[in-house]
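Written out below as structure tokens is the structure these notes cover.
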Amino acid sequence: MNEIETIDEFEQMLQRINIDEVYIKQLFDIYHSRLLNDATACNKLARRGISHEAIIQYHLGYCDRSLNRYIKTSSTAEGASFRHVLKCAGLITANGHEVFRGCIVEPIYNEGTLLAVCGIKLICPSRPAPRIIQWFNGAMYPKPLAFHLMKWGARYVTH
């Protein structure tokens, strides 16, 4: 009887887990670790007034186009599932490119749930492309979201 209760508890736990949210959070955790490990990007941000402490506090990240090194290929079930979730969420384009490539990103969380992300290109694009990218996690929000990057990047995006 005790074994059945354990299985029931396990199944209930699985029902509470949203795998899409897990994969999306994992993506921004990868971006955060990439920024922390990129001294050049951190130095550029420091020159713009964004400290290392702010990077950690606001969970800022950097999409340096190295995601393929961190997730499995589409030929595996886990890799295919991860990529499918990111494509459905609009975080990867149909041809597999990351939407935030080249951007410093700031995710906004509410009680552990990712609400939205703002990305600002770290380097001016050589061809016409948006310098600011915002992604919203498909919901209506009762109050406006304030991205710190928009304040920090005011000079950066107006020139």
Side-chain angles (χ1 to χ4, degrees), residues 17-74 78-159:
I17 295 173
N18 181 340
I19 195 68
D20 293 4
E21 293 293 326
V22 171
Y23 284 144
I24 291 170
K25 183 183 181 318
Q26 189 175 6
L27 172 71
F28 292 102
D29 288 345
I30 291 169
Y31 289 166
H32 182 63
S33 86
R34 295 306 308 141
L35 178 57
L36 292 175
N37 292 310
D38 190 325
T40 303
C42 286
N43 289 336
K44 284 184 180 185
L45 292 178
R47 287 193 302 270
R48 288 175 171 82
I50 302 173
S51 67
H52 185 75
E53 292 77 23
I55 291 171
I56 292 169
Q57 179 181 356
Y58 299 111
H59 203 70
L60 302 181
Y62 180 42
C63 178
D64 62 358
R65 299 172 51 190
S66 65
L67 184 62
N68 286 332
R69 294 184 211 151
Y70 299 95
I71 60 175
K72 296 181 180 184
T73 65
S74 293
E78 184 182 349
S81 177
F82 195 119
R83 291 166 197 276
H84 175 74
V85 166
L86 296 181
K87 280 182 186 176
C88 288
L91 293 165
I92 292 182
T93 63
N95 59 2
H97 293 291
E98 297 165 80
V99 169
F100 288 109
R101 64 188 174 276
C103 289
I104 297 298
V105 296
E106 177 188 5
I108 300 287
Y109 293 94
N110 182 27
E111 297 177 8
T113 300
L114 181 65
L115 299 179
V117 179
C118 178
I120 296 180
K121 296 283 184 185
L122 185 60
I123 299 171
C124 237
S126 58
R127 55 190 146 138
R131 295 176 111 188
I132 300 173
I133 300 167
Q134 293 182 346
W135 175 85
F136 297 91
N137 199 4
M140 298 289 286
Y141 307 110
K143 57 185 178 179
L145 299 173
F147 293 105
H148 293 90
L149 277 180
M150 296 298 282
K151 293 178 229 168
W152 289 323
R155 177 204 161 278
Y156 189 43
V157 296
T158 56
H159 293 98

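Computed over heavy atoms, backbone and side chain alike; hydrogens, waters and symmetry mates excluded.
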I need the minimum non-hydrogen distance between Ala80 and Ser74, along with the two atoms involved. CB-O, 3.4 Å
Less than 4.5 Å apart, side chain to side chain, heavy atoms only: is that true for Leu67 and Ile92? yes
Contact between His32 and Val105 at the side-chain level, heavy atoms closer than 4.5 Å - yes or no? no
In terms of ring plane angle, is the pair Phe82 and Tyr23 parallel, tilted or perpendicular, where the classes change at 30° and 60°? tilted
Rounded at 0.5 Å granularity, tell me how far CG in Asp20 sits from OG in Ser81. 7.5 Å
Give, for atom CZ of Arg47 and atom SG of Cys42, the distance between the pair rounded to the nearest 0.5 Å. 11.0 Å
Do Tyr109 and Lys25 come close enough that some side-chain heavy atom pair is under 4.5 Å? yes
Value rounded to 0.5 Å, distance of OG1 in Thr113 from CD1 in Ile24: 11.0 Å
Tell me whether Trp135 contacts the main-chain N or O of Ala89 through its side chain, where contact means a donor paired with an acceptor under 3.5 Å. yes
Do Lys121 side-chain atoms and Arg101 backbone N/O form a donor-acceptor pair below 3.5 Å? yes
Nearest non-hydrogen partners of Leu35 and Ala41, listed with the distance: CD1-CB, 3.7 Å
With salt bridge (Lys or Arg N to Asp or Glu O under 4.0 Å) as the test, would you mind laying out the steps for Asp38 and Arg34 before giving the verdict? CA-CA 6 Å; Asp38 190 325; Arg34 295 306 308 141; 5.9 Å; no
Parallel under 30°, tilted from 30 to 60°, perpendicular over 60°: which one fits the rings of Phe28 and Phe100? perpendicular
Quick check: do His52 and Leu45 have side-chain heavy atoms less than 4.5 Å from each other? no
Measuring only between side-chain heavy atoms, which start at C-beta, is Arg83 closer than 4.5 Å to Ile71? yes
For Glu98 versus Ser66, what's the shortest heavy-atom pair and its separation? OE2-N, 4.0 Å
Any heavy-atom pair between the side chains of Leu36 and Ile56 that's under 4.5 Å? yes
So which heavy atom on Val99 is nearest to which on Gly90, and how close? CG2-O, 3.1 Å
Close side-chain approach of Leu114 and Ile108, heavy atoms under 4.5 Å: no
Go through the steps for Asn137 and Glu21 under the test side-chain contact (heavy atoms from CB on, under 4.5 Å), then give the verdict. CA-CA 10 Å; Asn137 199 4; Glu21 293 293 326; 3.2 Å; yes
Please report the interatomic distance CG(Asp64) to CG(Asn37), rounded to the nearest 0.5 Å. 9.5 Å
If every non-hydrogen atom of Ile133 is compared with every non-hydrogen atom of Cys103, which pair is closest and at what distance? CD1-SG, 4.0 Å
Tell me, do Tyr62 and Lys44 make a side-chain contact under 4.5 Å, heavy atoms counted? no
Give me the atom names and distance for the closest heavy-atom approach of Leu122 to Arg48. O-NH2, 4.4 Å
